[in-house]
Undergrad: 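Quick one: structure below, then a few questions.
Sequence lines set the chain letters: A, B, ... in the order given, protein chains first and strands last, and positions in each chain run from 1.
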Amino acid sequence: MASKKIKTSVAAKKFLNRGAWTAEEDEKLAQYVAINGPRRWKLIAFNSGLNRCGKSCRLRWLNYLRPNIKRGNFSDAEDDLILRLHRLLGNRWSLIAQRIPERTDNEIKNYWNSHLSKKSKLMEKLPAIPLSAAPLQLESINCGKETEASGEAADLSSDTDDKLFDFSSKGTYGFEWVKDFLELEEDS
DNA sequence: AACGAAGTCAACCGCTAATTT
DNA sequence: GAAATTAGCGGTTGACTTCGT
């Protein structure tokens, strides 16, 4: 059954649009999601008249069309925060993104791969130099946004250091947990 | 000006987890 | 409880742009 399903899926894919989204497609998707909400992406893809798969629609919405997405250059504070979060969380891009307002996991991942991974390696070679010469400017980032994601990363809370990884008790963008982490880091 | 190398980033793929039936 | 469906994640690809020669 699975193989039949795969064959159907491959055949169907031949007729789906791929590649870059047009402004017209963006508009269709945005309109449909505004009315019906961002769920059941397969239905969204079908009902909105977009010749795209649901996965593609979801990605486009999450990374470009949804409100409150900041695009363009990363600030020094964001750089610094990403570097620190990556040291803490590794390649858990979605977790990192949840703590950097208005940035998507895909954008952060790309930014890390093209910019920060080099910077990070450089830092490792120069351990005496702190990650940032300036103190982390948490206030400069929009911290007021409490979201549904406050309970995410609960899986991490079962890790070795419960206090450090207990995100559930902090506001998603409160950054209190980051301060806790940085204090622990500095003490060691 | 022309060309190749390197960098960037939007989009896709495969997989797993979560949810629904 | 099992199967099917949906959502979400991280890695990778490939088109496009920029840079260096």
Side-chain angles (χ1 to χ4, degrees), chain A residues 1-30 32-76 78-123 145 147-159 165 167-168 172-173:
Chain A
M1 184 179 163
S3 62
K4 193 175 182 180
K5 193 178 172 184
I6 288 167
K7 278 181 185 174
T8 307
S9 170
V10 169
K13 279 181 184 176
K14 283 186 178 179
F15 301 100
L16 292 174
N17 283 349
R18 297 168 62 84
W21 280 67
T22 65
E24 194 183 343
E25 287 176 313
D26 281 347
E27 197 181 333
K28 273 186 184 178
L29 180 59
Y32 190 91
V33 172
I35 295 166
N36 298 285
R39 56 187 179 276
R40 307 292 300 270
W41 291 105
K42 214 170 177 177
L43 277 179
I44 288 174
F46 183 79
N47 292 338
S48 62
L50 290 164
N51 198 22
R52 297 267 184 178
C53 68
K55 233 175 173 180
S56 181
C57 293
R58 176 186 162 272
L59 199 71
R60 186 66 183 172
W61 168 259
L62 288 177
N63 288 337
Y64 299 94
L65 299 178
R66 81 184 146 106
N68 303 321
I69 291 184
K70 184 164 75 180
R71 306 196 56 75
N73 294 343
F74 282 70
S75 67
D76 288 345
E78 286 173 313
D79 270 18
D80 199 57
L81 186 53
I82 293 168
L83 281 164
R84 289 165 188 271
L85 287 168
H86 188 269
R87 272 175 63 182
L88 172 62
L89 299 169
N91 293 1
R92 308 285 292 273
W93 304 116
S94 64
L95 288 180
I96 293 172
Q98 281 161 10
R99 285 163 180 80
I100 300 178
E102 302 172 340
R103 298 290 188 183
T104 69
D105 55 353
N106 204 37
E107 192 177 17
I108 292 168
K109 178 173 62 179
N110 282 332
Y111 187 62
W112 173 269
N113 288 332
S114 57
H115 295 89
L116 296 181
S117 61
K118 293 169 202 162
K119 196 173 174 180
S120 177
K121 282 175 187 170
L122 203 67
M123 299 293 185
K145 194 179 166 194
T147 77
E148 71 291 341
S150 60
E152 89 299 316
D155 56 320
L156 284 176
S157 65
S158 62
D159 250 312
F165 289 103
F167 300 139
S168 61
T172 305
Y173 299 120

Undergrad: Does A:R92 put a side-chain nitrogen or oxygen below 4.0 Å from OP1 or OP2 of C:dC9?
TA: no
Undergrad: Take atom CG of A:N106 and atom P of C:dT12, then tell me their distance rounded to the nearest Å.
TA: 14 Å
Undergrad: Picking from B:dA10, C:dC9, C:dG10, which would you name as closest to the side chain of A:R71?
TA: B:dA10
Undergrad: With the side chain counted from C-beta on, respond yes when A:R103 and A:I69 share a heavy-atom pair under 4.5 Å apart, and no when they do not.
TA: no
Undergrad: Output the rounded distance in Å from CD (A:E107) to C1' (B:dT8).
TA: 12 Å
Undergrad: Pick base, sugar-phosphate or nothing for A:N110, based on heavy-atom distances below 4.0 Å to the nucleic acid.
TA: base
Undergrad: Side chain of A:N113: nearest nucleotide among B:dC12, C:dG10, C:dT12?
TA: C:dT12
Undergrad: Given B:dT8, B:dA11, C:dG10, which nucleotide is nearest the side-chain atoms of A:Y64?
TA: B:dA11
Undergrad: Looking at the side chain of A:S94, which of B:dG14, C:dG10, C:dT6 is the nearest nucleotide?
TA: C:dG10
Undergrad: Roughly, in whole Å, what's the span from CG in A:L43 to P in C:dA4?
TA: 19 Å
Undergrad: Nearest heavy-atom pair of A:W61 and A:A30: which atoms, and what distance?
TA: CZ3-CA, 4.4 Å
Undergrad: Consider the side chain of A:R60, meaning its heavy atoms from C-beta on, and name the nucleotide among B:dA11, C:dG8, B:dT8 that approaches it most closely.
TA: B:dA11
Undergrad: Need one value for A:G19: base, sugar-phosphate or nothing, where a base atom within 4.0 Å counts as base even if backbone is also close, heavy atoms only.
TA: sugar-phosphate
Undergrad: How many whole angstroms separate atom CG of A:L62 from atom P of C:dG10?
TA: 13 Å
Undergrad: Round to a whole Å and report the spacing from CD1 of A:I108 to C1' of C:dG10.
TA: 13 Å
Undergrad: On a heavy-atom basis, which atom in A:C57 and which in A:A45 lie closest, and how many Å separate them?
TA: SG-CB, 3.8 Å
Undergrad: Within the pair A:W41 and C:dT5, is there a side-chain N or O less than 4.0 Å away from OP1 or OP2?
TA: no
Undergrad: Tell me which nucleotide among B:dC9, B:dA11, C:dG10 gets nearest to the side chain of A:H115.
TA: B:dC9
Undergrad: Among C:dT6, C:dC9, C:dG11, which nucleotide has an atom closest to any side-chain atom of A:K42?
TA: C:dT6
Undergrad: What nucleic acid atoms does A:N63 come within less than 4.0 Å of, heavy atoms only: base, sugar-phosphate, or nothing?
TA: nothing
Undergrad: Please work out whether the ring planes of A:W112 and A:W93 are parallel, tilted or perpendicular, with thresholds of 30° and 60°.
TA: tilted
Undergrad: Nearest-nucleotide wise, let me know which of A:A20 and A:R40 is further upstream toward the 5' end of DNA chain B.
TA: A:A20
Undergrad: To the nearest Å, how far apart are A:L50 CG and B:dA11 C1'?
TA: 15 Å
Undergrad: Below 4.0 angstrom from OP1 or OP2 of B:dC13, is there any side-chain N or O of A:R18?
TA: yes
Undergrad: Any donor-acceptor pair under 3.5 Å linking the side chain of A:R60 with the backbone of A:S56?
TA: no
